[in-house]
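In what follows, a structure is listed as structure tokens, so that the remarks can point back to it.
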Amino acid sequence: MSYKPGRHFLQLPGPTNVPDRILHAIANPTIDHRSADFAALTMVCLEGMKAVFQTRGDVIIYPGSATGAWESALVNTLSPGDKVLTFDNGHFGAQWAKVAKSFGLNVDLIGGNWRCGADPEALAARLNDDRGHEIRAVLAIHNETSTGVTSDIAAIRRAMDAAEHPALLMVDTVSSLGSIDYRHDEWGVDVAVAGSQKGLMLPPGLCFNAISEKAIAASRTATLPRNYWRWEDMLEANRVGFFPYTPSTNLLYGLREAVRMLVEEEGLPNVFSRHKRHAEATRRAVRAWGLELFAINPAEFSPSATAILMPEGFDEAELRAVVLKNFDMSLGSGLGKLAGKVFRIGHLGSINDLMLAGTLCGVEMGLKLAGVPHTPGGVAAALEWLTT
Ligand code: PLP
């Protein structure tokens, strides 16, 4: 492979760019994970993650990818044959449903359009029909990374409350946490799922559950088999700063730094408005190019990722290959049934105006080189927004 000058542009909707500060923190020497220094590190990370999830409840940190945290949410709280209700809104929702089925859960889908978010009214109708309260959990994706659509979790909670339904609410915050406002306690979420490699600006390798008292109570009677993911063991060890097995010590150094940056230095409200501003600039570029946003409801446009439909007859994989070859930039692919049809721009994590401008330049030049029909001027439209 020949030398590529400059930095690679990692504009996937995760993994995202890891700031040098975090890389340096991760490069600290690995320490004894049963030492007092390690316990202090754990405590800072756990407290910091409570702030990020906006919860006073417990947060669990696992070595693992977010798919593990999906599994953990289910196996800790449910029993074989339990009914769970979820939404057919995108690739990651479908993947979580697949995990649930593989554990013998009875998964019911609320049909949907992948271009829209989870529908609280359709949920209300299902819950009102479920007079015997057979549905034990409702699963929703806060930000569907495959479509660039954000769902209204507060509205889902309101629908559950209005139906006086006792099901647990489980929410995937993998591409929203640390980039889109997510309020675990205020929205009454029982189990949240997250990963390290997106808004938290870390490499892949950590995953999280934020859990309510109600979820902990459910875990005491749930009978799905579990060992690695068992909350009880984790909570007990965490109380004194330890883990039931060898933790990802170096990633925890990185997490401590990331939380400092997000919560103490930039401040979460500023982080959220930065993401919204960059998402709007990106959409302005897309519209100026004459391309179509995949998401259709403005209230559901994702602040962290934008999915763009390719014109008929053009393949997103070819466009991405041209962009990678010529400009050393990775863009997100079309996932599941959107393969070939949609490409995605990630604008989450550690990104500033010039990085976004560079990203949009790469896309505009790529569209030209790949012969994709478009109108030049998307970058100019984005810059205009960024400077007003
Ligand atoms: N949920 C969402 C919304 C995602 O975007 C992803 C990955 O991109 C996952 C879950 C799965 O995460 P992981 O690949 O870390 O297992």
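This structure is a prediction, so every number in the text was calculated from the model and none was measured. Numbering of ligands and ligand atoms starts at 1, following listing order. All heavy atoms count here, side chains included; hydrogens, waters and symmetry mates do not.
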For ligand 1, list every N/O pair with the protein closer than 3.5 Å, one pair per line with the distance.
residue: ligand 1; atom: 1 (N); partner: D172; partner atom: OD2; Å: 2.6
residue: ligand 1; atom: 5 (O); partner: T145; partner atom: OG1; Å: 2.5
residue: ligand 1; atom: 5 (O); partner: K198; partner atom: NZ; Å: 3.4
residue: ligand 1; atom: 8 (O); partner: K198; partner atom: NZ; Å: 2.7
residue: ligand 1; atom: 15 (O); partner: A66; partner atom: N; Å: 3.0
residue: ligand 1; atom: 15 (O); partner: Q197; partner atom: NE2; Å: 2.8
residue: ligand 1; atom: 16 (O); partner: S65; partner atom: OG; Å: 2.7
residue: ligand 1; atom: 16 (O); partner: A66; partner atom: N; Å: 3.3
residue: ligand 1; atom: 16 (O); partner: T67; partner atom: N; Å: 2.8
residue: ligand 1; atom: 16 (O); partner: T67; partner atom: OG1; Å: 2.5

Residues two or more places apart in sequence or in another chain: which of them pass side-chain contact (heavy atoms from CB on, under 4.5 Å) with N89?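 side-chain contact (heavy atoms from CB on, under 4.5 Å) check on N89 returns F87, A118.
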Taking ring-ring contact (aromatic ring centres under 6.0 Å, His included) as the definition, give me every residue that meets it alongside W187, ordered by chain and number, with sequence neighbours left out. H142, Y182
Please find the pair of heavy atoms, one from R157 and one from D190, that lie closest to each other, and give the distance.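 In this case the closest contact between R157 and D190 is NH1-OD2, 4.0 Å.
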Would you mind telling me which of R277, R284, K276 makes a side-chain hydrogen bond (donor to acceptor under 3.5 Å, both in side chains) with E280? R284
Residue set satisfying side chain to side chain donor-acceptor pair (under 3.5 Å) with E265, at least two apart, ordered chain then number -> R21
For E292, is there an ion pair with R115 - N to carboxylate O distance below 4.0 angstrom? yes
